[in-house]
Every structure is written in C-alpha cells, then in structure tokens.
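Right, one structure below, let's go through it.
When reading the values below, keep in mind they use all heavy atoms of this one structure, side chains included, and skip hydrogens, waters and symmetry mates. All values reported here derive from a predicted model rather than from experimental measurement.
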Amino acid sequence: QVQLVESGGGLVQAGGSLRLSCAASGRTFTSYTMGWFRQAPGKEREFVAAISWSGGMTYYADSVKGRFTISRDNAKNTVYLQMNGLKPEDTAVYYCAADRSWGIRARTISGYDYWGQGTQVTVSS
C-alpha cells in the first residue's frame with residue numbers, strides 16, 4: 001500500500017511558476033513509478049508527466065514539454081512537478097499516482113494503482 005499526499009497548488013498569474021510536491025508513505029517508494037495527471041472542469045483526467053523509480057527516465061505530455069519538469073527525491077519519499085511558464089489552460093486539479101510498472105502504461109490512467117487526493121492549480125490570464 002502507498003498513500004500519496006499532494007501539496008503546492010494555488011493561484012498564479014499566466015507566465016508564473018509553481019512547484020507541486022507529492023509525499024508518499026511506505027518503505028518501498030523506490031520501487032514505484034510516479035506520475036502526475038490533471039483534470040480540468042468538464043474534462044477527462046489526462047497524463048502530465050511520469051518518472052521511473054530511479055529518476056533516470058521521464059515522460060511528458062506534449063502540452064507541457066519544455067515547461068514542466070518532474071523529479072524525485074527517494075530519500076524523502078517525494079516526487080515533484082516544477083511548472084514554469086504556466087498558462088490558463090494548465091488550470092486543473094493535479095493528482096500524483098504510483099505504480100510498479102513502467103513503459104507505455106506509465107502514461108495511462110489505468111497504469112496506476114495508487115492516487116492522491118489532488119491539489120488545485122489555477123492560472124489567471
């Protein structure tokens with residue numbers, strides 16, 4: 001079992017930055033692929049970024065590539081999402097997720113067994 005708690009969301013102007021954090025419980029954090037997803041009002045949840053257990057491999061959605069950076073600190077059981085150059089269309093609830101698999105599944109909702117409660121990010125124009 002893994003429990004995930006996100007933090008760092010808030011209100012920011014377009015062009016600004018935020019860093020989201022996701023703290024994981026459990027002693028096997030290093031075994032898990034970690035992902036970030038988001039869900040805007042009236043839209044389906046969508047993949048944002050994923051990072052392998054070692055941090056050596058990452059995936060990004062095309063919409064955030066070059067603006068967002070996912071990273072992890074295994075000593076702190078925490079994964080981060082640094083978001084720069086925020087746009088109003090980035091407004092959503094952001095969720096972190098964990099799973100033991102990697103590969104194509106790391107970019108899909110069904111590829112994750114554990115989810116946090118989410119943190120709201122609002123970007124004003």
Nearest 0.5 Å, what's the [atom1]-[atom2] distance between [X] and [Y]?
| X | Y | atom1 | atom2 | result |
| --- | --- | --- | --- | --- |
| Ser125 | Gln13 | OG | CD | 9.5 Å |
| Gln39 | Glu46 | CD | CD | 9.5 Å |
| Tyr95 | Arg45 | OH | CZ | 4.5 Å |
| Thr28 | Trp53 | OG1 | CH2 | 13.0 Å |

Donor-acceptor under 3.5 Å ([X] side chain, [Y] main chain):
| X | Y | value |
| --- | --- | --- |
| Arg72 | Gly55 | no |
| Asp99 | Ser110 | no |
| Thr30 | Asn74 | no |
| Thr91 | Val123 | yes |
| Thr33 | Ser101 | yes |
| Gln117 | Glu6 | no |

Heavy-atom check, side chain of [X] versus side chain of [Y], under 4.5 Å:
| X | Y | value |
| --- | --- | --- |
| Ile70 | Tyr60 | yes |
| Lys76 | Phe29 | no |
| Tyr80 | Asp73 | yes |
| Val5 | Gln3 | no |

Salt bridge flag under 4.0 Å for residues Asp90 and Arg38 = yes
Cation-pi check, Arg107 to Phe47: give yes when NZ or CZ is under 6.0 Å from the six-membered ring centre and within 45° of the ring axis, no otherwise.
-> no
Taking all non-hydrogen atoms of both residues into account, name the closest pair between [X] and [Y] and its distance.
| X | Y | result |
| --- | --- | --- |
| Ser21 | Thr78 | CB-CG2, 4.3 Å |
| Ser31 | Arg100 | CB-NH1, 3.3 Å |
| Ala24 | Leu4 | CB-CD2, 3.6 Å |
| Met34 | Ala98 | SD-CB, 3.5 Å |
| Thr58 | Ile51 | CG2-CG1, 3.8 Å |

How are the rings of Tyr94 and Phe68 set relative to one another: parallel (under 30°), tilted (30 to 60°) or perpendicular (over 60°)?
-> tilted
Can the ring centroids of Tyr112 and Trp36 be said to lie less than 6.0 angstrom from one another?
-> no
